[in-house]
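In the text below, chain A, chain B and the rest are named by the order of the sequence lines, each starting its count at 1.
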Amino acid sequence: MSDIPQDISHDQHAVRLKKLHDLRAAGADPFRANCEQTHFSAEALKAYVDGQDYTVPVKVAGRLVVIRDMGKSQFVKILDQQGQLQLYVKKDQVGEAAYAAFKKLDLGDIIGAEGPLFKSQSGEITVRVDKYTLVSKALRPLPEKWHGLTDREQIYRQRYLDLIVNEESRKRLMQRSRIVASIRATLANRKFLEVETPVLEGVAGGAAARPFTTHHNALGTDFFLRIALELRLKRLLVGGYDRVFEIGRVFRNEGVSTKHNPEFTMLEVYQAYSDFRGMMDLLRAVFADLCRDVIGATEIKHAASGQVINFAGEWREARYFDLIDEAAGFKLSALRHTPDYRAKATEAAQKLGLEIHPGWETHEIVNEIFGKKIEPTLIQPTFVTHLPKELCPLAKLNAEDPGLIDVFECIIGGMEVAPAYSEQNDPFVQREMFEQQVGEDQQKMDTDFLLALEHGMPPAGGMGVGIDRLCILLTGAESIRDVILFPSLRPGGSS
RNA sequence: GGGUUGGUAGCUCAACGGUAGAGCAGCGUCCUUUUAAGUCGUUGGUUCCGGGUUCGAAUCCCGGCCAACCCA
């Protein structure tokens, strides 16, 4: 090289580039195509037979995250999907040249290593390295080993770094995968078909939310990104798929907060010849399996309230208006069909310190009481039933009181986890409900869905579960961003 | 959209308006069972960006960017 010699010792990127250059000059491949691996880290730890040092050989691979250099030997740790594993590299064992090369490795490099397991003096199961290979050179330094990465922006924008150095993040986000896998298994066991339906829709229905719009060039038309899965899945009920579910991304063009990400994951499940009570059983089955497969207990500690949430006991059932009356301190619900209702509801809400917007419908005022004063207090699993019909236009009306609907809202830890309905299958009632909604929110009506209903949809129970919120609940996360690998951020930002 | 807080070395953080520092990482040395390993030495800065006030600004003021929290 004819490079002017210069001090690059302060520039970690430059130091590593130099090492990379030297490796290539020496004929090594710093970015190999593969690496044989017989055990993940946790599997290797399990494979060790107590008292039988140096008898079980393993081939492992991972990223160097700890290096403790003691001159002629060093203890290092690699990180793989299952966690960390200690390796012991000795000059005598690997040979002089290989040892010298090992000393040039950096934190963050990815290596493969093989050798037998043994227990170190301090009792840690360790691989005594006979051979090792650098399989991927890391050209950038890792964040600090002790404090990890704390800068929120960097955690979200460079999640891979967060996953490497922050163990809680790695575990929490893996927990999410297990939660989803457990739910899939529960539903498969109950003969539900998993399906995929369009993200691009001509009409964004199934919920009240502002959609994102996009444009299809070849078709020369605008599309909406779906805001719910409901209307497509119900068409499948019409088509004779009696038990279907989809776990899919939906998009709502609304605010961002600790509980809202513009794109989030919904489970929606529909079961023909069932109803909202059948969905109660199903939801409890989902939680029973989650307790067994993921949590490993039937209860969790709820950080926000300090309470222990018990999933194994009886789940409380409560009528919406009983809870409202309780919060209001008088029988507000008795006035539902009287001209005084709005005034009394407003009075009750204001007495509870709530701000009421003059443009709100009466049911919105009442629901403000529910959302602000009741929901947050429902920590133990609670099915709230007999909701007013204005809240969900896709549910069956209650036989005894057509102002109410056959639904539940399952609330756990003060958070709405799952709404479920006895699904509306009367095309006339459905059209009427849509027309009211269209009047209010200027949404387009999904007339093709109404056509499908006219072909006959079997009675069915349906349920939606916000997967992200479920993960917040089960992992004790503080924000939805902590259970989404790559939460929505403004593009650009740092670097 | 409004309010509050924050942005300083690769990372974690200091620095009353008066010479920008520490730990880890890096670089160089010692050490063949370490556990945030230890040891001796040492490099490294567009203090987020742009203006302003001041003899002097990381610090005070204004504007912008990005993020977090609270509110709507």
Side-chain angles (χ1 to χ4, degrees), chain A residues 5-19 22 53-54 64-79 83-96 98-100 102-109 115 117-129 138-162 164-167 210 253-261 304 353-360 364 368 371-372 477-482 487-495:
Chain A
Q6 53 180 332
D7 180 19
I8 55 165
S9 68
H10 63 275
D11 183 342
Q12 303 190 47
H13 183 52
V15 168
R16 288 170 185 235
L17 281 173
K18 168 88 165 53
K19 287 182 181 178
D22 293 347
D53 282 0
Y54 311 114
L64 271 174
V65 288
V66 174
I67 295 178
R68 287 194 268 272
D69 183 355
M70 291 174 301
K72 296 187 180 61
S73 77
Q74 40 190 305
F75 283 96
V76 304
K77 287 191 179 177
I78 58 169
L79 175 72
Q84 294 189 357
L85 180 65
Q86 183 165 264
L87 312 180
Y88 183 50
V89 185
K90 229 175 7 166
K91 189 174 182 179
D92 296 349
Q93 195 68 35
V94 298
E96 196 144 339
Y99 191 76
F102 196 88
K103 282 207 158 210
K104 291 220 161 69
L105 295 182
D106 292 303
L107 283 174
D109 288 352
L117 295 165
F118 75 102
K119 209 173 232 180
S120 75
Q121 270 176 11
S122 49
E124 181 163 351
I125 296 166
T126 304
V127 179
R128 187 202 65 201
V129 174
L139 299 175
R140 301 282 180 181
L142 288 176
E144 205 243 9
K145 63 182 174 186
W146 185 240
H147 300 93
L149 195 59
T150 63
D151 180 66
R152 309 298 293 177
E153 186 176 354
Q154 214 177 345
I155 284 174
Y156 299 141
R157 289 196 196 277
Q158 292 182 277
R159 178 68 89 180
Y160 47 90
L161 291 179
D162 175 48
I164 293 166
V165 298
N166 293 337
E167 196 185 358
R210 262 175 68 195
N253 203 343
E254 291 168 358
V256 177
S257 78
T258 48
K259 286 197 177 128
H260 300 85
N261 197 60
L354 298 173
E355 213 174 300
I356 300 305
H357 291 240
W360 281 357
E364 289 177 302
E368 180 74 1
K372 290 280 161 61
E478 286 169 11
S479 162
I480 196 168
R481 293 185 199 97
D482 297 330
S488 301
L489 297 175
R490 225 175 230 99
S494 70
S495 77

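Nearest nucleotide to the A:Gln86 side chain, out of B:rU33, B:rU32, B:rU34: B:rU34. Of the candidates B:rU33, B:rU32, B:rA36, B:rA36 carries the atom nearest the A:Arg68 side chain, counting heavy atoms from C-beta on.
When the C1' atom is compared between B:rC55 and B:rA68, the two are found 38 Å apart, to the nearest whole Å. With C1' as the reference atom, B:rG44 and B:rA9 are 6 Å apart, rounded to whole Å. Here, B:rG28 and B:rU46 have their C1' atoms 29 Å apart, quoted to the whole Å. As rounded to the nearest Å, B:rA15 and B:rA20 have C1' atoms that lie 7 Å from one another. Only the P atoms considered, B:rG10 is 15 Å distant from B:rC27, to the nearest whole Å. Comparing B:rU59 with B:rU8, their C1' atoms sit 11 Å apart, to the nearest whole Å. The same atom, P, is picked in B:rG21 and in B:rU42; the two are 15 Å apart, to the nearest Å. Between the P atoms of B:rC16 and B:rC48, the separation comes to 15 Å (whole Å).
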Sort me out a list of protein N/O and nucleotides 8-14 of chain B N/O pairs below 3.5 Å, or just none if empty.
{"unit_1": "B:rC11", "atom_1": "O2'", "unit_2": "A:Glu144", "atom_2": "N", "d": "3.0"}
{"unit_1": "B:rC11", "atom_1": "O2'", "unit_2": "A:Gly148", "atom_2": "O", "d": "3.2"}
{"unit_1": "B:rU12", "atom_1": "OP1", "unit_2": "A:Thr150", "atom_2": "N", "d": "3.1"}
{"unit_1": "B:rU12", "atom_1": "OP1", "unit_2": "A:Thr150", "atom_2": "OG1", "d": "3.3"}
{"unit_1": "B:rU12", "atom_1": "OP1", "unit_2": "A:Asp151", "atom_2": "N", "d": "3.1"}
{"unit_1": "B:rU12", "atom_1": "O3'", "unit_2": "A:Thr150", "atom_2": "OG1", "d": "3.2"}
{"unit_1": "B:rC13", "atom_1": "OP1", "unit_2": "A:Thr150", "atom_2": "OG1", "d": "3.4"}
{"unit_1": "B:rC13", "atom_1": "OP2", "unit_2": "A:Thr150", "atom_2": "OG1", "d": "3.4"}

Between the protein and nucleotides 67-69 of chain B, which nitrogen or oxygen pairs come in under 3.5 angstrom?
{"unit_1": "B:rA67", "atom_1": "OP1", "unit_2": "A:Arg157", "atom_2": "NH2", "d": "3.3"}
{"unit_1": "B:rA67", "atom_1": "OP1", "unit_2": "A:Arg490", "atom_2": "N", "d": "3.0"}
{"unit_1": "B:rA67", "atom_1": "OP2", "unit_2": "A:Arg490", "atom_2": "NH1", "d": "2.8"}
{"unit_1": "B:rA68", "atom_1": "OP1", "unit_2": "A:Arg481", "atom_2": "NE", "d": "3.2"}
{"unit_1": "B:rC69", "atom_1": "OP2", "unit_2": "A:Arg481", "atom_2": "NH1", "d": "3.0"}

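Each of A:Val15 and A:Lys90 was assigned the nucleotide of RNA chain B with the nearest heavy atom; the assignment lying further toward the 5' end belongs to A:Val15. If A:Asp106 and A:Thr126 are placed on RNA chain B by their nearest nucleotide, the residue sitting closer to the 5' end is A:Asp106.
Once rounded to the nearest 0.5 Å, the distance linking OG1 of A:Thr126 with NZ of A:Lys77 reads 8.0 Å.
Atom pair A:Leu117:CG and B:rU33:C1' shows a separation of 16 Å (rounding to whole Å applied). Note: NZ (A:Lys104) to C1' (B:rG28) measures 13 Å, nearest angstrom. For A:Lys18 and B:rG26, the NZ to P distance is 17 Å, given to the nearest whole Å. Atom-to-atom, CD of A:Glu254 to P of B:rA72 comes out at 16 Å; the value is rounded to the nearest Å. As rounded to whole Å, 18 Å separates atom P of B:rU34 from atom CD of A:Gln84. What separates CD of A:Gln74 from P of B:rC30 is a distance of 14 Å, to the nearest Å. Atom CD1 in A:Ile125 sits about 16 Å away from atom C1' in B:rU34, given to the nearest Å. In this structure, the CG atom of A:Asp22 is 12 Å from the P atom of B:rC27, given to the nearest Å.
Judged as a side-chain hydrogen bond (donor to acceptor under 3.5 Å, both in side chains), and not counting sequence neighbours, A:Asn253 has no contacts. Shown here are the salt bridge (Lys or Arg N to Asp or Glu O under 4.0 Å) partners of A:Arg481, two or more places apart in sequence or in another chain: there are none. A search for ring pair (Phe, Tyr, Trp, His ring centres under 6.0 Å) contacts involving A:Phe102 returns A:Tyr132, not counting sequence neighbours. Residues passing the side-chain hydrogen bond (donor to acceptor under 3.5 Å, both in side chains) test with A:Glu254: none are found, sequence neighbours excluded. Applying the side-chain hydrogen bond (donor to acceptor under 3.5 Å, both in side chains) criterion to A:Arg152, with sequence neighbours excluded, gives A:Tyr156, A:Asp482. The ring pair (Phe, Tyr, Trp, His ring centres under 6.0 Å) check on A:Phe75 picks up A:Tyr88, with sequence neighbours excluded.
Ion pairing of A:Asp162 with A:Arg159 is present here, as a side-chain N (NZ or NE/NH1/NH2) and a carboxylate O approach within less than 4.0 Å.
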Side chain to side chain contact (heavy atoms under 4.5 Å, CB included) for A:Gln86 and A:Arg68? Distances and angles first, verdict last.
CA-CA 11 Å; A:Gln86 183 165 264; A:Arg68 287 194 268 272; 3.9 Å; yes
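Side chain of A:Lys103 to backbone of A:Gly71: a donor-acceptor contact under 3.5 angstrom is found.
Of all nucleotides present, only B:rC13 satisfies the Watson-Crick or G-U wobble test against B:rG21, with each distance under 3.5 Å. B:rA37 makes up no base pair with any nucleotide shown, lacking Watson-Crick or G-U wobble contacts both under 3.5 Å. In this structure, B:rU5 and B:rA67 make a Watson-Crick or G-U wobble pair, each of the two defining distances being under 3.5 angstrom. Shown here, B:rG26 forms a base pair with B:rU42; the pair counts as Watson-Crick or G-U wobble because both key distances fall under 3.5 Å.
A salt bridge (Lys or Arg N to Asp or Glu O under 4.0 Å) check over residues 140-149 of chain A, counting only residues at least two apart or in different chains, returns nothing.
Using a 4.0 Å heavy-atom criterion, one finds that A:Val165 contacts no nucleic acid atom at all. Counting non-hydrogen atoms under 4.0 angstrom, A:Lys119 reaches nothing in the nucleic acid. Across all strands shown, A:Tyr99 has no heavy atoms under 4.0 Å from either base or sugar-phosphate atoms.
The two residues A:Ile67 and A:Gln74 come nearest to each other via the heavy atoms CG2-OE1, 3.3 Å.
Counting atom types as modelled, A:Glu124 pairs no side-chain N or O with a base atom of B:rU34 as donor and acceptor under 3.5 Å.
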